[in-house]
J.: 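This is the structure I have questions about; it appears just below.
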Amino acid sequence: MSVPYNHKVVEPKWQGVWDEEKAFHATNDFTKPKYYALVEFPYPSGQGLHVGHPRPYTALDIVARKRRMQGYNVLYPMGWDAFGLPTENYAIKNHIHPALVTKNNVARFKEQLHSIGYSFDWDREINTTDPSYYHWTQWIFLKLFKEGLAYKTEMPINWCTGCKVGLANEEVVDGVCERCGSPVVRKVKSQWMLKITEYAQKLIDGLEDVDYIERVKVSQKNWIGRSEGAEVDFAVQGKEDKLRIYTTRPDTLFGVTYMVVSPEHPILDKYQAEIKNWDAVVDYRAKAALKSDFERSELAKEKTGVAIEGLRAVNPVNGKDIPIWVSDYVLMSYGTGAIMAVPAHDERDWEFAKKFDLPIVEVVAGGKNVQEEVYTDVAEGTLVNSGFLDGKSVAEAKEAIKNWLEEKGIGTRKVNFKLRDWVFSRQRYWGEPIPIIHCEKCGYVPLKEEELPLVLPEVESYMPTDNGESPIAAMTDWVNVTCPCCGGPAKRETDTMPQWAGSSWYFLRYTDPTNEEALASPEALKYWLPVDWYNGGMEHTTLHLLYSRFWHKFLYDQGVVPTSEPYAKRTSHGMILGENGEKMSKSRGNVVNPDDIVNDYGADTLRTYEMFIGAFDMNASWSENGVKGCRRFLERVWNLQDLVTKEKGYSSDFEVKMHQTIQKVSYDYENLKYNTAIAALMSLLNDIVKKGSLTEDEFKTYLILLNPVAPHITEELWNTLGYEGRIYQQKWPEYDESKLVEDTMQIPVQVNGKVKATVSVLRDASKEEVLAAAKAAIEGKVSGNIVKEIYVPGRIVNIVAK
RNA sequence: GCGGAAGUGGCGGAAUGGCAGACGCAUCAGACUCAAAAUCUGACGGUGGCAACAUCGUGUGGGUUCAACUCCCAUCUUCCGCACCA
């Protein structure tokens, strides 16, 4: 009898051996086929690893280990996305330098990851807070600046009253700060911006060429929000000026009965003198300014607005004189800040018209009374009351009117995007300094490349200031410099970059992590890119994933990287919820610590359980009993060692089952079906135990198939039985197509779609033979006459009787 | 409102249009034990039946098909994004 399975001995032992043997290091042998597997690097928080982390890490660890056994040069790296608010907040509270907090947290994370036995190449570990790393983050920023894609502008930002920092739209959830939950207000500040909008079309087009799960593509497309329409100029009555609007429904131009401008629209100030009810307009505008974007949309149910008295517009298609209104349902930040209103065929316009008793003119006939109900169906409907467009379909009318507008010089075709530029400044200490100097005379002057990295200065206090300046601003020694351009007095930029900066290109650095001359060598980039498989959370779809695609496309246009897309394949995992089905959180008291699982059951059990818990892309609830079940499975595998014979090859009664399992497990590991791969291995185990013995080769194959999921126990068993070498050095088993089916098959026989019998037939039996056997088997069970006989080769027989 | 995902035993979940419930958990029974735990063996969707077996059954209602959890139409529920984007 073998010694009992003790994970506390087995697991540290092999982790040590693998480290020593550098078992999982990606080589720079560029002649071998490569495979680059990537998981999102964690933010090393003070809480340590969460049980959610091992799910994606284990999944791609399985792929990485399998691919290595298949002969690939595999890059499976890990690092730290270590700039960020929680670390800074912790530092402020406890008076510890954030760099030290980061160092401690990283050490903890690394130890935890190590204890789970991941095959990361730790020689390529990176940390976004290392000056040698952010050197290149700053370098990319300078490139963006030089290409005019980074600019500074006064703009209202989302200001978190708690963190005292500007937030991106994406970081504001339900009107409060995503991080701290404090209310977010609007505040005008000069901010660095990145022109991601310039890449909007490229970011959509690029999705055609990549293998992303569909919902990721759909989310990104919706987020970018492309729409096709036209810009049309409406003359302002008695003025030179035109009021330009954007519409996706130029076909409804004849139905325009009024116009609306956003409260911030410049036309208001310009014609202040003409506007008779200026007080009312100013009053309305002041009220709108007080509302945050959130409140503005929250109060969307009830439309408000003021009619401008003394200013009217002309509908260019029919010359009709129409009023202009001000309303906050029109946003200055989308389109032109002004709209043409077609109440008959737009829901918002209809509501507004109803409330303020404005005329509603039907221009698309759809069988509805537009005085009673809005009609927005674009697919059906014919133009009416629309002059030369009458009788055309909506699609035809759109084309016709666009041509007409362009011919007359009144309007142009126009594509719009919902995507906004990326607010890139943070008034915080713990981030990458922005390598720009501001000179009164020369404006914004970039640092020279040789001066990078611009290292974050040491400060006394990390506290953000109430006036919205970064704590670095107080460091006059650092801030006051001479202008590299004119030599006059100048100041450094004191805002820092957002957390998304370092993570937008980190996968490039892994390919060549210590390069001091470039972010990575062209050879390394050419060899390793694109990332073959990138897995990460759904919550990063419209932030990190989009930002990093943007930077990558920019770097591609600059000739820095060799591929236009960074990631060939993108998948996403589901969350791990608490036992009660709710999100794990301290306040709910349902948090599971992975350390406890590793300690009590072992890393292999943790890994097996997290893969067995359910479909990889769906949320799943934690279950301690489920963990126990996986531990039990591994113990049963452990006990197999007593059943192994000295025989070679696969025994005849197991051959088919072995080949089938190799096929299924190999396929499932590559297709996010880890749970059914493990189920297949459990099922094979049950058969082996039932039989009572297995050959040496059967055991070897079994261990190799299980190894990516449970690397420690399989390595130990391989070693115990005295098999040659290490299991991680073995070749992945292959299956033989011809051995996937038994010589005699069990074919179910249905009568009218219901199974009545099963027949045994030879694998190569003809259709006639099978049907004959089937009919014999159901003799007497059929009432009526047989009208049809169906045989699906190798699968099923169905006899139809009436 | 728009977009996405999901509804299958007591639970987690399996099923290229081809035997619904693989695999695991829980439960029950048996073996082992003085006993318990662990382990092993077996049973385990509902209804009827001693049983063989019959019959119903994948949110609901229709449809296509020899055959539907799977495809089509309609509908309900839940979860997750986005939300006045003209």
Side-chain angles (χ1 to χ4, degrees), chain A residues 169-170 173 214-219 221-223 225-227 229 245-250 252 259-260 262 293-294 296-303 327-331 333-342 345-349 351-352 376 416-420 538-539 541-542 574-575 581 608-609 612-615 617-630 632-633 635-636 639 673 675-686 689-690 746-758 787-802:
Chain A
N169 288 335
E170 297 90 313
V173 176
E214 199 52 33
R215 57 198 173 118
V216 168
K217 286 192 184 184
V218 170
S219 306
K221 274 183 202 157
N222 289 345
W223 188 261
R226 183 183 202 274
S227 70
I245 59 93
Y246 173 73
T247 179
T248 55
R249 294 295 304 277
T252 61
M259 296 183 79
V260 188
S262 142
D293 267 351
F294 175 66
R296 241 162 108 157
S297 57
E298 265 302 277
L299 300 168
K301 284 69 201 178
E302 195 59 16
K303 296 268 183 291
S327 173
D328 64 5
Y329 88 84
V330 177
L331 309 173
S333 51
Y334 183 80
T336 62
I339 62 154
M340 64 179 216
V342 186
H345 308 293
D346 180 279
E347 222 164 298
R348 293 152 305 174
D349 297 346
E351 273 175 40
F352 194 83
T376 56
N416 252 330
F417 298 95
K418 290 186 201 172
L419 187 70
R420 311 289 164 78
M538 244 353 249
E539 71 275 19
T541 302
T542 51
M575 269 192 299
T608 307
Y609 175 63
F612 190 61
I613 193 168
D617 56 347
M618 303 241 259
N619 292 352
S621 300
W622 189 265
S623 155
E624 181 95 16
N625 278 326
V627 176
K628 286 181 189 160
C630 289
R632 208 172 289 157
F633 163 60
E635 281 173 8
R636 277 163 36 96
N639 294 335
K673 294 168 73 95
N675 54 337
T676 51
I678 293 168
L681 288 168
M682 287 174 168
S683 176
L684 178 57
L685 174 76
N686 291 343
V689 169
K690 203 161 275 175
Q746 306 302 311
I747 302 289
V749 180
Q750 297 181 328
V751 176
N752 293 336
K754 298 208 169 147
V755 178
K756 296 288 177 184
T758 305
V787 295
K788 200 167 183 183
E789 297 164 357
I790 292 141
Y791 173 49
V792 183
R795 301 217 76 117
I796 204 162
V797 169
N798 193 11
I799 308 286
V800 186
K802 265 183 190 163

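Throughout, a chain's letter reflects where its sequence line sits, starting with A, and its residues are numbered from 1. Nothing here was measured: the structure is a model prediction, and the numbers come from that model.
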J.: Would you mind classifying the nucleic acid contact of A/Thr247 as base, sugar-phosphate or nothing, using non-hydrogen atoms under 4.0 angstrom?
T.: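 Sugar-phosphate: the residue A/Thr247, judged by heavy atoms under 4.0 Å, touches backbone atoms but no base.
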J.: Is there a side-chain contact (heavy atoms from CB on, under 4.5 Å) between A/Asn752 and A/Val800 once you walk through the steps?
T.: CA-CA 5 Å; A/Asn752 293 336; A/Val800 186; 3.7 Å; yes
J.: Of all residues at least two apart in sequence or in a different chain, which pass the side chain to side chain contact (heavy atoms under 4.5 Å, CB included) check with A/Met618?
T.: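 In terms of side chain to side chain contact (heavy atoms under 4.5 Å, CB included), with neighbours along the sequence ignored, A/Met618 is linked to A/Ala615.
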J.: Have a look at A/Gly629 and say if it touches a base, only the backbone sugar-phosphate, or nothing, with a 4.0 Å heavy-atom cut-off.
T.: sugar-phosphate
J.: Going by side chain to side chain contact (heavy atoms under 4.5 Å, CB included), A/Ile339 matches just one of A/Thr247, A/Leu331, A/Asp349. Which one?
T.: A/Asp349
J.: Please enumerate all residues that pass salt bridge (Lys or Arg N to Asp or Glu O under 4.0 Å) together with A/Glu635, with sequence neighbours excluded.
T.: A/Arg631
J.: Of the nucleotides B/C85, B/A22, B/U55, which one has an atom closest to the side chain of A/Lys756?
T.: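 Nearest to the side chain of A/Lys756 among the choices is B/U55.
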J.: Would you please name every residue forming a ring-ring contact (aromatic ring centres under 6.0 Å, His included) with A/Tyr609, sequence neighbours left out?
T.: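 ring-ring contact (aromatic ring centres under 6.0 Å, His included) list for A/Tyr609, sorted by chain: A/Trp622.
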J.: What I want to check is whether the side chains of A/Tyr334 and A/Ser227 have a donor and an acceptor closer together than 3.5 Å.
T.: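 Distance-only check passes for A/Tyr334 and A/Ser227.
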J.: Can you tell me how far P of B/G13 sits from CZ of A/Phe633, to the nearest Å?
T.: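 Atom CZ in A/Phe633 sits about 20 Å away from atom P in B/G13.
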J.: Got a sec: does the CD of A/Glu624 have more than 12 other heavy atoms crowding it under 6.0 Å?
T.: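 Buried by this count: over 12 neighbours within 6.0 Å.
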J.: Mind checking what makes salt bridge (Lys or Arg N to Asp or Glu O under 4.0 Å) contact with A/Arg215, not counting sequence neighbours?
T.: none
J.: What integer distance in Å separates A/Leu684:CG from B/G24:P?
T.: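 Checked: the CG to P distance equals 12 Å.
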J.: Name the nucleic acid region contacted by A/Lys628, choosing base, sugar-phosphate or nothing; use a 4.0 angstrom heavy-atom cut-off, strictly under.
T.: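 If one applies the 4.0 Å heavy-atom cut-off, A/Lys628 turns out to touch nothing in the nucleic acid.
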J.: If the condition is salt bridge (Lys or Arg N to Asp or Glu O under 4.0 Å), which residues does A/Asp346 pass it with, not counting sequence neighbours?
T.: A/Arg348
J.: Without decimals, in angstroms, what is the distance between A/Met538 CE and B/G3 C1'?
T.: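 Going from CE in A/Met538 over to C1' in B/G3 covers 11 Å.
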J.: Under the rule for ring-ring contact (aromatic ring centres under 6.0 Å, His included), what residues qualify as partners of A/Phe352, not counting sequence neighbours?
T.: A/Tyr258, A/Trp325, A/Tyr329, A/Phe356
J.: Pull out every protein N or O sitting under 3.5 Å from an N or O of nucleotides 15-21 of chain B, one pair per line with the distance.
T.:
| from | atom 1 | to | atom 2 | distance (Å) |
| --- | --- | --- | --- | --- |
| B/A15 | OP1 | A/Lys673 | NZ | 2.7 |
| B/U16 | O4 | A/Arg795 | NH1 | 3.0 |

J.: Under a 3.5 Å cut-off for both contacts, is B/A5 paired Watson-Crick or G-U wobble with anything, and if yes, with which nucleotide?
T.: B/U78
J.: Check the distance between B/A86's P and A/Arg348's CZ and give it to me in whole angstrom.
T.: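 Checked: the CZ to P distance equals 7 Å.
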J.: Does B/U16 have a Watson-Crick or wobble mate here (both distances under 3.5 Å), and if so which one?
T.: none
J.: Counting just side-chain N and O atoms, does A/Lys788 come under 4.0 Å of either OP1 or OP2 of B/C66?
T.: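 Checking B/C66 against A/Lys788, a side-chain N or O does come within under 4.0 Å of OP1 or OP2.
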J.: How far apart are the C-alpha atoms of A/Leu685 and A/Val689, what are their side-chain angles, what is the distance that settles it, and do they pass the side-chain contact (heavy atoms from CB on, under 4.5 Å) test?
T.: CA-CA 6 Å; A/Leu685 174 76; A/Val689 169; 4.3 Å; yes
J.: Detail all sub-3.5 Å separations between protein N/O atoms and N/O atoms belonging to nucleotides 38-46 of chain B.
T.:
| from | atom 1 | to | atom 2 | distance (Å) |
| --- | --- | --- | --- | --- |
| B/U39 | OP1 | A/Arg632 | NE | 3.2 |

J.: Based on the glycosidic angle (syn within 90° of 0, else anti), state the conformation of B/G21.
T.: anti
J.: Applying side chain to side chain donor-acceptor pair (under 3.5 Å), can you list everything that pairs with A/Gln750, at least two apart in sequence or on another chain?
T.: none
J.: Just the rounded figure in Å: distance from P of B/C85 to CH2 of A/Trp223.
T.: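 Distance, rounded to whole Å: 15 Å.
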J.: Which heavy atom in A/Ser262 sits nearest to a heavy atom in A/Val330, and how many Å separate them?
T.: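 For A/Ser262 versus A/Val330, the nearest heavy atoms are CB-O, 3.2 Å.
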J.: Classify the nucleic acid contact of A/Asn675 as base, sugar-phosphate or nothing, counting any heavy atom under 4.0 Å across all strands shown.
T.: sugar-phosphate
J.: Given that both distances must come in under 3.5 Å, which nucleotide forms a Watson-Crick or G-U wobble pair with B/A29?
T.: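 Across all strands, the one nucleotide that pairs with B/A29 is B/U41.
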J.: Heavy-atom nearest nucleotide on RNA chain B for A/Lys754 versus A/Tyr334: which residue maps closer to 5'?
T.: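 Residue closer to the 5' terminus by nearest nucleotide: A/Lys754.
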J.: Would you kindly give the CE-to-P distance between A/Met340 and B/C85, to the nearest whole Å?
T.: 14 Å
J.: Expressed as a whole number of angstroms, how long is the span from A/Glu347:CD to B/G1:P?
T.: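 Spelled out: CD on A/Glu347 to P on B/G1 is 9 Å.
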J.: Please write out the pairs of protein N or O atoms and N or O atoms of nucleotides 27-32 of chain B separated by less than 3.5 Å, giving the distance to one decimal.
T.:
none

J.: Determine: side-chain N/O of A/Tyr246 to OP1/OP2 of B/A86, distance under 4.0 Å, yes or no.
T.: no
J.: Both distances under 3.5 Å, Watson-Crick or G-U wobble: report the partner of B/U55, or none.
T.: B/G46
J.: Regarding A/Asn686, tell me which of base, sugar-phosphate or nothing describes its non-hydrogen contacts under 4.0 Å with the strands shown.
T.: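 A/Asn686: backbone/sugar contact only, no base atoms under 4.0 Å.
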J.: If B/A22 has a Watson-Crick or G-U wobble mate with both distances under 3.5 Å, name it; if not, just say none.
T.: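 Answer to the pairing question: none, since B/A22 forms no Watson-Crick or G-U pair.
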J.: Taking N or O atoms only and anything under 3.5 Å, show me the protein contacts with nucleotides 4-12 of chain B, one pair per line.
T.:
| from | atom 1 | to | atom 2 | distance (Å) |
| --- | --- | --- | --- | --- |
| B/G12 | O2' | A/Ile613 | O | 2.9 |

J.: Could you pull out all residues at least two apart from A/Thr676 that satisfy side chain to side chain donor-acceptor pair (under 3.5 Å)?
T.: A/Asp668
J.: If you assign A/Arg249 and A/Met682 each to the RNA chain B nucleotide with the nearest heavy atom, which residue ends up on the more 5' nucleotide?
T.: A/Met682
J.: For A/Ala341, answer base if it contacts any base atom (sugar-phosphate contacts may also be present), sugar-phosphate if it contacts only those atoms, and nothing otherwise; contact means non-hydrogen atoms under 4.0 Å.
T.: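 Nothing, no heavy atom under 4.0 Å.
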